[in-house]
K.L.:
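Below is one structure. I have some questions about it.
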Amino acid sequence: MQSLPTFDLVLFGGTGDLAMRKLLPALYRRSCAGQIDAASRIVGAARSQLTREEYLEQVRSSCETHLGSVFDAKKWTQFAEHLQYVRVDAQSDDDFGRLGELLRPQPQRVRVFFLSTGPDLFAPIAEALARHSLISPVSRVVLEKPLGYDGASSAEINERIGKLFPETSIFRIDHYLGKEAVQNLLALRFGNQLFEPLWRRGRIQHVQITVAEDVGVERRAQFYDHVGALRDMVQNHMLQLLCIIAMEPPASGAADATRDEKVKVLRALRPLTGRDVLQKTVRGQYKAGAVNGKPVVGYLEEKDMPKDSSTETFVALKVQVDSWRWAGVPFYLRTGKRLQEKQAEIVITFEDVPLSIYERPDTPHALNRLVIQLQPEESITLSVLAKSPGHGMVLKPVDLSLDFADAFKTRQLDAYERLLTDVINGTLTLFMRRDELEAAWSWIDPIRAAWQQHDERPKSYTAGSWGPAAASSLIGRDGFAWRNEL
Ligand code: BG6
């Protein structure tokens, strides 16, 4: 494993949920793997008045909780040596002064400012860093989602941050891009010749992308209610998945070659506006039900939830990519909370044979289908038709399956382990460029505007189901069905 350059990483929001659940455990793992040299520092920065010992205690307890049996007390001592804590209130110049005292003696080091805070603080923090001359030529800033709440707020963040950091030092995170399974999609498409001739209109009948979660809003009622599924999941993760499926082969492995192709897909998305939005989208909100055999409350009964909230916890959309490759091929996207199970998958259904000469079942199962499962397990299944044993020539669908955990017996990096090491190494491929973000918002904003204009309230669905019936009709009207309904 390649070791990282010596770095100072300042984690704003260092006591927050993401830092405790994901970022610090990811760094702990990289430290255990021997990738972090002894001189590197990880500085938690947050508003709480904590001593270093108190902070260490919080980090330790959260690493223990989230890493379970992987946690090793001896290795913890080594990791803890990297950790520091500085109280920083984004409004307080004194606090940035103290942060400066810590960082300034090491001007040559890679310096990473990870902003795991609300987007309203991104620009004020970056501006305070600049005022205190803490942005060195080897500094990078990492922006964690949500990257704004709409096109305008996101543009403002980009504008203000862009005045202080060059684009090549801005790392906009979409943690889905850090998932090994998502990178495997790139490998599948561009490391093999096999699928390329089939990867287009005329060969592919339709594409489904499902990202289903069994959890509800957890303890994020306030945040989530302000955002909803469209902005929480579609604007970023799902559009990124769509881009990887639909993009043209990049000219090289360089970061901008991939990002150039993704942005072309985003710009080719057929706009959904006005009444068309009502035909091509479905909003849902979960009501009480049972998930994994346990009763759960409805969205409106969640703690701290406004009782009249009309925020969507589910969304399904029919999307068209207006390009030569994809004209006429529908992409159906759906995501939701409190669905039957946690599952993320991409299903590519191929066109039927031009002439059926053998007897075969008259069901949608009889089509070739490539199922790329991203979560909870990572696998690829290609369903083909084979002769069923016995007399005659009767065809039946069978699966060719590849389970990645089986094929590669080594542990896969968690998304944040991969993304954090990429930031420290300065590798931008898996991060969103400014124009990608702008293109994604320009497609999302009119959908929200149309929902508001037509007062489109979410349809309720029972927790533990696969979402509102209208989502089945959305795809059913075109003669198809979601894979779980086949
Ligand atoms: C986050 C969303 O970006 O992704 C969450 O804000 C969601 O609401 C999460 O639960 C899903 O990520 P994963 O990696 O669990 O699929």
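Counting starts at 1 for both ligands and their atoms, following the listed order.
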K.L.:
Could you give me the CA-CA distance, side-chain angles and deciding distance for Asp478 and Lys318, then say whether salt bridge (charged side-chain N to carboxylate O under 4.0 Å, His left out) is met?
P.N.:
CA-CA 10 Å; Asp478 295 340; Lys318 176 179 173 182; 2.9 Å; yes
K.L.:
What pairs with Arg47 under side chain to side chain contact (heavy atoms under 4.5 Å, CB included), at least two apart in sequence or on another chain?
P.N.:
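Here the qualifying residues are Asp89.
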K.L.:
If you compare all heavy atoms of Ala221 against all heavy atoms of Lys303, which two are closest, and at what distance to 0.1 Å?
P.N.:
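Result for this residue pair: CB-O, 3.2 Å.
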K.L.:
For the pair Lys409 (side chain) and Ala407 (backbone), establish whether a donor and an acceptor sit closer than 3.5 Å, ignoring hydrogens and angles.
P.N.:
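Checked: no pair found.
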K.L.:
With a cut-off of 4.0 Å, which atoms of ligand 1 are near a heavy atom of Gln375?
P.N.:
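In order of number, 14 (O), 16 (O).
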K.L.:
Tell me: protein heavy atom nearest atom 9 (C) of ligand 1, and distance?
P.N.:
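Result for atom 9 (C) of ligand 1: Glu213 OE1, 4.1 Å.
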K.L.:
Considering the heavy atoms of Lys337, write down every atom of ligand 1 situated less than 4.0 Å from one of them.
P.N.:
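Here the atoms of ligand 1 in question are 5 (C), 7 (C), 8 (O), 10 (O).
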K.L.:
Mind checking what makes side chain to side chain contact (heavy atoms under 4.5 Å, CB included) contact with Thr349, not counting sequence neighbours?
P.N.:
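So Thr349 forms a side chain to side chain contact (heavy atoms under 4.5 Å, CB included) with Gln205, His206, Val347, Leu367, Arg369.
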K.L.:
Test your reading of the structure: does Lys342 have an N or O sitting under 3.5 Å from an N or O of ligand 1?
P.N.:
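It does: an N or O of Lys342 is found under 3.5 Å from an N or O of ligand 1.
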K.L.:
Decide if atom CD of Glu377 counts as having more than 12 heavy atoms of other residues, nucleotides or ligands within a radius under 6.0 Å.
P.N.:
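Check fails, neighbour count at 12 or below.
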K.L.:
Within a distance under 4.0 Å of any heavy atom of Arg220, pick out the atoms of ligand 1 and give their elements.
P.N.:
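Every atom of ligand 1 under 4.0 Å from some heavy atom of Arg220: 2 (C), 5 (C), 6 (O), 8 (O).
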K.L.:
Taking the six-membered ring for Trp, are Phe314 and Tyr286 ring centroids under 6.0 Å apart?
P.N.:
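For Phe314 and Tyr286, the ring centres are not under 6.0 Å apart.
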K.L.:
Tell me, which protein residue and heavy-atom name are nearest atom 6 (O) of ligand 1, and how many Å apart are they?
P.N.:
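Among all protein heavy atoms, the one nearest atom 6 (O) of ligand 1 is Asp232 OD1, 2.6 Å.
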K.L.:
Measuring from non-hydrogen atoms of Lys179 to any atom of ligand 1, is the shortest distance under 4.0 Å?
P.N.:
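Lys179: in contact with ligand 1 (<4.0 Å).
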K.L.:
I need the contact type for Tyr176 against ligand 1. Using non-hydrogen atoms and a strict under-4.0 Å cut-off, is it side chain, backbone, both or neither?
P.N.:
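For Tyr176, the contact with ligand 1 is made by the side chain alone.
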K.L.:
Check ligand 1 against Lys145 and write out every atom of the ligand that is under 4.0 Å from a heavy-atom position of the residue.
P.N.:
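By the 4.0 Å cutoff, the relevant atoms are 1 (C), 2 (C), 3 (O), 6 (O).
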K.L.:
For atom 12 (O) of ligand 1, what's the nearest protein heavy-atom neighbour? Residue, atom name and distance, please.
P.N.:
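The protein heavy atom lying closest is His175 NE2, 3.2 Å.
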